[in-house]
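See below for the structure under consideration.
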Amino acid sequence: MLGGVENHSLPRTAAFFDLDKTVIAKSSTLTFGKSFYQGGLINRRAVLRTAYAQFVFLAGGADHDQMERMRQYLSGLCRGWNVQQVREIVAETLHELIDPIIYDEAASLIEEHHAAGRDVVIVSTSGAEVVEPIGRLLGADRVVATRMVVEDGAFTGEVEYYAYGPTKAEAVRELAQSEGYDLARCYAYSDSVTDIPMLESVGHPHAVNPDRALRREAVARDWPVLTFNRPVRLRQRVASLAMPSRPALVMAAAFGAAAATAGLVWLAGRRRNYPAALPGFDGKSKELRLGLPHLRRQE
């Protein structure tokens, strides 16, 4: 699917990934709704509203108008939240909530890009307090995310930087300039038609689980369309990759048994030949003297 290992004499390259419904199966921000409720940040009504928003997002994605309404709602919702408390809640529940919904196919792609020498960059409309820990979990090299205005350690409800639509493409171009990426040889992945500017900015755009509008564009532009549908815990992936196949385990066990048997035979022969082989062994005492002061193990 991907090109080979990077030729490091050429300009650097990167793979840019949208997060929600591209790398993970749900909205990263809305997934923490219950945790924010348990932490006292939102009430039960807000939990139900975030659950409904998650359902709408999963059922058909979100167009520009829906994303704008969601931005306004979430910005107002987080007004007054203590930033450190949000970070602690995300850190405490990250593996429980996010690890199980990471697409196996996306994790494999990230591994392949890293193996080919490319940087991996997560570019998400969700807030930095959520996206940055997820990026570390995924092993991403960089993260671009929405940032809220913070005063006296709390969110004001105003948006400092909104990583959405054309702004994502601008961030990709700025990174290319600062990091020396050759965008014509870079990759990008997204599920949403709102990310077309980002997809257009690279030489290898891919639509992943695309909404209907993006699917139409991808077909018209002959972009690859990928389907990710296997959420899996990263730890389970690592265990399955590290576990040898059953035939290999059988061969290893057989080899180990043969080696153990040969070792016992060799040891028995050595014991019979100890007096000749080891000067200082008197054949009666169990102590071995090698010309050094004798050290007796304390009982």
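Looking at Ser126 and Ser28, their side chains do bring a donor and an acceptor atom within 3.5 Å of each other. With no hydrogens or angles considered, no side-chain donor-acceptor pair links Asp18 and Ser192 at under 3.5 Å. Between the side chains of Thr13 and Asp182, no donor-acceptor pair is found at a separation under 3.5 Å. The closest side-chain donor-acceptor pair between His114 and Asp141 falls under 3.5 angstrom.
To the nearest 0.5 Å, atoms CG (Leu19) and CD1 (Ile98) are separated by 7.5 Å. With rounding to the nearest 0.5 Å, the separation of CG in Leu97 from CD in Glu92 is 11.5 Å. Annotation: the span from Leu77 atom CG to Gln72 atom CD amounts to 13.5 Å, rounded to 0.5 Å. Between atom CD1 of residue Ile24 and atom OG1 of residue Thr31 there is a gap of 5.5 Å, rounded to the nearest 0.5 Å. For the atom pair CZ of Arg142 and CG of Asp119, the computed distance is 5.0 Å after rounding to the nearest 0.5 Å. Atom-to-atom distance recorded for Phe36:CZ and Cys78:SG is 9.0 Å, nearest 0.5 angstrom.
When side chains are defined from C-beta on, Lys34 does not count as touching Thr93, because their heavy atoms never get closer than 4.5 Å. For the pair Val120 and Phe16, the minimum side-chain heavy-atom distance is 4.5 Å or more. Between Leu138 and Ile122 there is a side-chain heavy-atom pair separated by less than 4.5 Å. A 4.5 Å side-chain heavy-atom check between Phe17 and Val121 finds every atom pair outside the cut-off. Counting heavy atoms from C-beta outward, Ile89 and Leu41 have side chains that approach closer than 4.5 Å. The side-chain heavy atoms of Leu226 and Glu105, taken from C-beta on, include no pair separated by under 4.5 Å.
Exactly one of Val225, Val193, Thr227 qualifies for a side-chain contact (heavy atoms from CB on, under 4.5 Å) with Pro210. That residue is Val225. Each of Leu199, Val219, Asn209, Val208 was scored for a side-chain contact (heavy atoms from CB on, under 4.5 Å) with Leu214, with one residue passing: Leu199.
Placement of Val144 and Ile134 in two distinct hydrophobic clusters is found when ILVMFWY residues are connected by side-chain heavy-atom separations under 4.5 Å, directly or transitively. Cluster annotation: Tyr162 and Leu175 are assigned to distinct hydrophobic clusters (Ile/Leu/Val/Met/Phe/Trp/Tyr, side-chain heavy-atom contacts under 4.5 Å, transitive).
Taking both residues in full, the closest heavy atoms of Tyr189 and Met198 are given as O-CE, 3.9 Å, listed atom of the first, atom of the second, then distance. Heavy atoms only, all atoms of each residue included: Pro224 and Pro205 are closest at CD-O, 3.3 Å. Taking all atoms of both residues into account, the shortest heavy-atom contact from Val202 to Ala188 is CG2-CB, 3.5 Å. Ala128 and Arg147 make their closest contact through CB-CG, 4.3 Å (heavy atoms, listed as atom of the first residue, atom of the second, distance). Among all heavy-atom pairs drawn from Ala163 and Ala145, the shortest one is CB-C, 3.8 Å. Minimum heavy-atom separation, Val159 to Ser75: CG2-OG, 3.6 Å.
Side-chain N or O atoms of Ser27 include one that pairs as donor or acceptor with a backbone N or O of Leu30 at under 3.5 Å. Checked by atom type and distance alone, the side chain of Thr146 pairs as donor or acceptor with a backbone atom of Thr125 at under 3.5 Å. A side-chain donor-acceptor contact under 3.5 Å links His206 to the backbone of His204. A donor-acceptor pair under 3.5 Å links the side-chain atoms of Arg185 to the main chain of Pro11, judged by distance alone. Of the possible polar contacts, none joining the Trp223 side chain to the Ala207 backbone as a donor-acceptor pair under 3.5 Å is found. Looking only at distances, no side-chain donor or acceptor of Glu158 sits under 3.5 Å from a matching main-chain atom of Met148. Using a distance-only test at 3.5 Å, with no hydrogens or angles considered, no donor-acceptor pair links the side chain of Thr194 to the main chain of Gly165. Judged by distance alone, the side chain of Ser108 and the main-chain N or O of Asp104 form a donor-acceptor pair under 3.5 Å. Lys168 places a side-chain N or O within 3.5 Å of a backbone atom of Val123 that can act as its donor or acceptor partner.
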(request) Test side-chain contact (heavy atoms from CB on, under 4.5 Å) on Val172 and Leu183 and set out the steps. (result) CA-CA 9 Å; Val172 167; Leu183 288 179; 3.7 Å; yes

(message) Is there a side-chain contact (heavy atoms from CB on, under 4.5 Å) between Glu217 and Ile196? Walk through the geometry before answering.
(response) CA-CA 9 Å; Glu217 287 292 326; Ile196 282 182; 3.4 Å; yes

(request) Evaluate the salt bridge (Lys or Arg N to Asp or Glu O under 4.0 Å) criterion for residues Arg118 and Glu112: first the C-alpha distance (whole Å), next the side-chain angles of each, then the deciding distance (0.1 Å), finally the verdict. (result) CA-CA 9 Å; Arg118 302 183 188 97; Glu112 290 178 31; over 6 Å; no

(request) Go through the steps to decide whether Tyr103 and Thr22 satisfy the test side-chain contact (heavy atoms from CB on, under 4.5 Å), and finish with yes or no. (result) CA-CA 8 Å; Tyr103 283 123; Thr22 301; over 6 Å; no

(request) Could you walk me through whether Ile42 and Trp81 pass side-chain contact (heavy atoms from CB on, under 4.5 Å), step by step? (result) CA-CA 9 Å; Ile42 60 177; Trp81 287 6; 3.2 Å; yes

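Seen from the ring of Tyr181, Arg12 does not count as a face-on cation partner, given the 6.0 Å and 45° thresholds.
Counting non-hydrogen atoms of other residues, nucleotides and ligands closer than 6.0 Å to CG of Asp152 gives a total of 12 or fewer.
Using a cut-off of 4.0 Å between Lys/Arg side-chain N and Asp/Glu carboxylate O, Glu200 and Arg221 are scored as salt-bridged.
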